[in-house]
Student: 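Pasting a structure here, questions to come.
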Amino acid sequence: MSATVTAALAGRTGPLRPTVTRLAAVNLTLLVWFWACSVPVVVVASILVDRLLGVDDVAVSLYARHAAIWFPFSQGIALVGLFLRAHVAAGMTRRTFARATILVGVGTGAAYGVVLTLLAVAERGIHTALGRGWRVTDGFLADASSPLGLLLAELVVCCVVGNVAALLVGVVYQRWGALYGTLALPLTVGPVFLVFALLGAAGGWGPLPAAAPGPPWPALGWSVLVVALTAAAYAAVVRRTQLRPPHP
């Protein structure tokens with residue numbers, strides 16, 4: 001019955017829309033569960049940092065950035081492994097799968113970035129109401145004095161590149177197997193750390209020195225280019241992936 005409905009939808013609206021809808025529903029369900037679990041953790045961590053360390057002005061919420069990147073990253077790898085074979089077996093094209101997963105990956109990453117921004121705004125509002133400061137200490141572009149748009153753009157780009165790189169990791173494993181997929185990880189996961197470096201260079205991230213004062217938007221522009229190139233590489237590999245029969 002479900003296969004009949006899917007075929008009818010695909011014939012009427014094109015295969016892209018139902019594919020995006022199904023994948024987005026899965027990802028957004030996990031997003032709701034992630035934040036339902038993460039927000040209490042951030043609240044408890046803020047209280048512990050205040051009471052045990054005596055630090056009451058740190059933007060604790062922004063340390064959830066890495067969880068918001070790597071949790072959906074694991075989903076992206078699994079998504080390719082679970083759905084690519086079923087998608088092709090249902091008679092739909094690899095091109096459609098690539099387009100749908102990129103759209104869902106970008107959209108889901110943007111949603112994680114928006115929620116994290118709202119959480120940071122709420123935390124800052126609480127600190128202001130209590131007469132406390134609010135310091136951003138994780139070393140990326142935005143700081144306490146930055147406009148909200150910069151913080152939002154930074155977080156969205158960080159989350160989106162994680163999702164798109166995860167798709168690339170997943171399809172390389174599907175295309176070349178476990179050994180070569182593992183050996184390729186520096187290249188397939190590399191875009192995430194490259195974006196970290198680009199965004200963190202303005203504030204001295206990791207081994208990189210602090211950049212000279214200037215507008216942060218070029219770093220964001222280069223980061224968007226990294227995302228686009230990663231998505232293009234993923235789409236190219238998907239279209240050339242011949243699925244091997246499953247092991248008995």
Student: Give the cluster check for Leu187 versus Leu183: same hydrophobic cluster or not, with ILVMFWY residues linked at side-chain heavy-atom distances below 4.5 Å.
Tutor: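 Hydrophobic grouping puts Leu187 apart from Leu183.
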Student: Could you tell me which non-hydrogen atom of Val160 sits nearest to which non-hydrogen atom of Ala110, and how far apart they are?
Tutor: CG2-N, 3.6 Å
Student: For Val161 versus Pro191, what's the shortest heavy-atom pair and its separation?
Tutor: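 Closest approach of Val161 to Pro191: CG2-O, 3.7 Å.
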Student: Go through it in stages, so that I can follow the logic: the residues are Arg135 and Asp143, the test is salt bridge (charged side-chain N to carboxylate O under 4.0 Å, His left out), and I'd like the CA-CA distance, side-chain angles, deciding distance and then a yes or no.
Tutor: CA-CA 7 Å; Arg135 292 185 295 118; Asp143 56 27; over 6 Å; no
Student: May I ask you to decide if Ala236's main-chain N or O and Arg240's side chain share a donor-acceptor pair within less than 3.5 Å?
Tutor: yes
Student: Examine Phe34 together with Tyr112 and report whether their ring centres are nearer than 6.0 Å.
Tutor: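 Centroid separation for Phe34 and Tyr112: below 6.0 Å.
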Student: Taking the side chain as C-beta and beyond, is there a heavy-atom pair between Leu119 and Trp35 under 4.5 Å?
Tutor: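 Leu119 reaches Trp35 side chain to side chain.
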Student: Is it true that a side-chain atom of Asn163 and a backbone atom of Gly105 form a donor plus acceptor pair closer than 3.5 Å?
Tutor: yes
Student: Check Leu199 against Ser223 and note the closest heavy-atom contact, atom names and distance.
Tutor: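 Distance-wise, the nearest heavy atoms are CD2-OG, 3.4 Å.
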Student: For Val32 and Thr29, what are the C-alpha separation, side-chain angles and deciding distance, and is it a side chain to side chain contact (heavy atoms under 4.5 Å, CB included)?
Tutor: CA-CA 5 Å; Val32 170; Thr29 299; 6.0 Å; no
Student: Counting only heavy atoms not in Trp217 (residues, nucleotides, ligands), do more than 12 fall under 6.0 Å from its CH2?
Tutor: yes
Student: Should the heavy atoms of other residues, nucleotides or ligands under 6.0 Å from CZ of Arg132 be counted, would the total exceed 12?
Tutor: yes
Student: For the residue pair Phe196 and Trp70, categorise the inter-ring angle as parallel (less than 30°), tilted (30 to 60°) or perpendicular (more than 60°).
Tutor: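 The rings of Phe196 and Trp70 stand perpendicular, inter-plane angle above 60°.
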Student: How close do Leu151 and Ala120 get, counting heavy atoms only, and between which atoms?
Tutor: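 For Leu151 and Ala120, the tightest heavy-atom pair comes out as CD2-CB, 4.2 Å.
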Student: Is it the case that Tyr234 and Thr188 place a side-chain donor and acceptor less than 3.5 Å from each other?
Tutor: no
Student: So Gln75 and Leu79, side chain to side chain contact (heavy atoms under 4.5 Å, CB included) or not? Walk me through it.
Tutor: CA-CA 6 Å; Gln75 296 172 37; Leu79 183 147; 5.9 Å; no
Student: For the CH2 atom of Trp176 and the OG1 atom of Thr182, what is their distance to the nearest 0.5 Å?
Tutor: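 Answer rounded to 0.5 Å: 14.0 Å.
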Student: Specify the closest pair of heavy atoms between Val60 and Ser46, including all atoms of both residues, with the distance to one decimal.
Tutor: CB-OG, 3.5 Å
Student: With clusters defined by side-chain heavy atoms of hydrophobic residues (ILVMFWY) lying less than 4.5 Å apart, directly or transitively, does Tyr173 cluster with Tyr180?
Tutor: yes
Student: Rounded at 0.5 Å granularity, tell me how far CZ in Arg99 sits from CD1 in Ile102.
Tutor: 9.5 Å
Student: Identify the heavy atoms of Ala111 and Leu31 that sit nearest to each other, and give their distance.
Tutor: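 So the minimum-distance heavy-atom pair works out to CB-CD1, 3.6 Å.
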Student: Does one side chain, of Glu123 or Ser61, offer a donor that lies under 3.5 Å from an acceptor on the other?
Tutor: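 The criterion, which ignores hydrogens and geometry beyond distance, is satisfied for Ser61 and Glu123.
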Student: Would a distance-only check, ignoring hydrogens and angles, find a side-chain to backbone donor-acceptor pair under 3.5 Å from Arg94 to Thr241?
Tutor: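 Yes, the answer is positive, given that a donor and an acceptor are paired below the 3.5 Å cut-off.
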Student: Are Leu179 and Leu185 co-members of a hydrophobic cluster defined by side-chain heavy atoms under 4.5 Å apart?
Tutor: yes
Student: Working to the nearest 0.5 Å, report the span between CD1 of Ile69 and SG of Cys159.
Tutor: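 So the gap between those two atoms works out to 5.5 Å.
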Student: Check whether any side-chain heavy atom of Leu155 sits under 4.5 Å from a side-chain heavy atom of Leu62, and report yes or no.
Tutor: yes
Student: Can you tell me how far OG1 of Thr117 sits from CG of Leu152, rounded to the nearest 0.5 angstrom?
Tutor: 4.5 Å
Student: Can a donor-acceptor pair be found, under 3.5 Å and without considering hydrogens, that links the side chain of Thr96 to the backbone of Met92?
Tutor: no
Student: Could you see if Phe193 belongs to whatever hydrophobic cluster contains Leu168? Use Ile, Leu, Val, Met, Phe, Trp, Tyr and a side-chain cutoff under 4.5 Å.
Tutor: yes
Student: Please check: side-chain N/O of His127 versus main-chain N/O of Asp57, any donor-acceptor pairing under 3.5 Å?
Tutor: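 Checking the backbone N and O of Asp57 against the side chain of His127, no donor-acceptor pair under 3.5 Å is found.
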Student: So if you build clusters from Ile, Leu, Val, Met, Phe, Trp, Tyr with side-chain heavy-atom gaps below 4.5 Å, do Leu28 and Val115 land together?
Tutor: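 They do share one cluster, since a chain of ILVMFWY contacts under 4.5 Å joins Leu28 to Val115.
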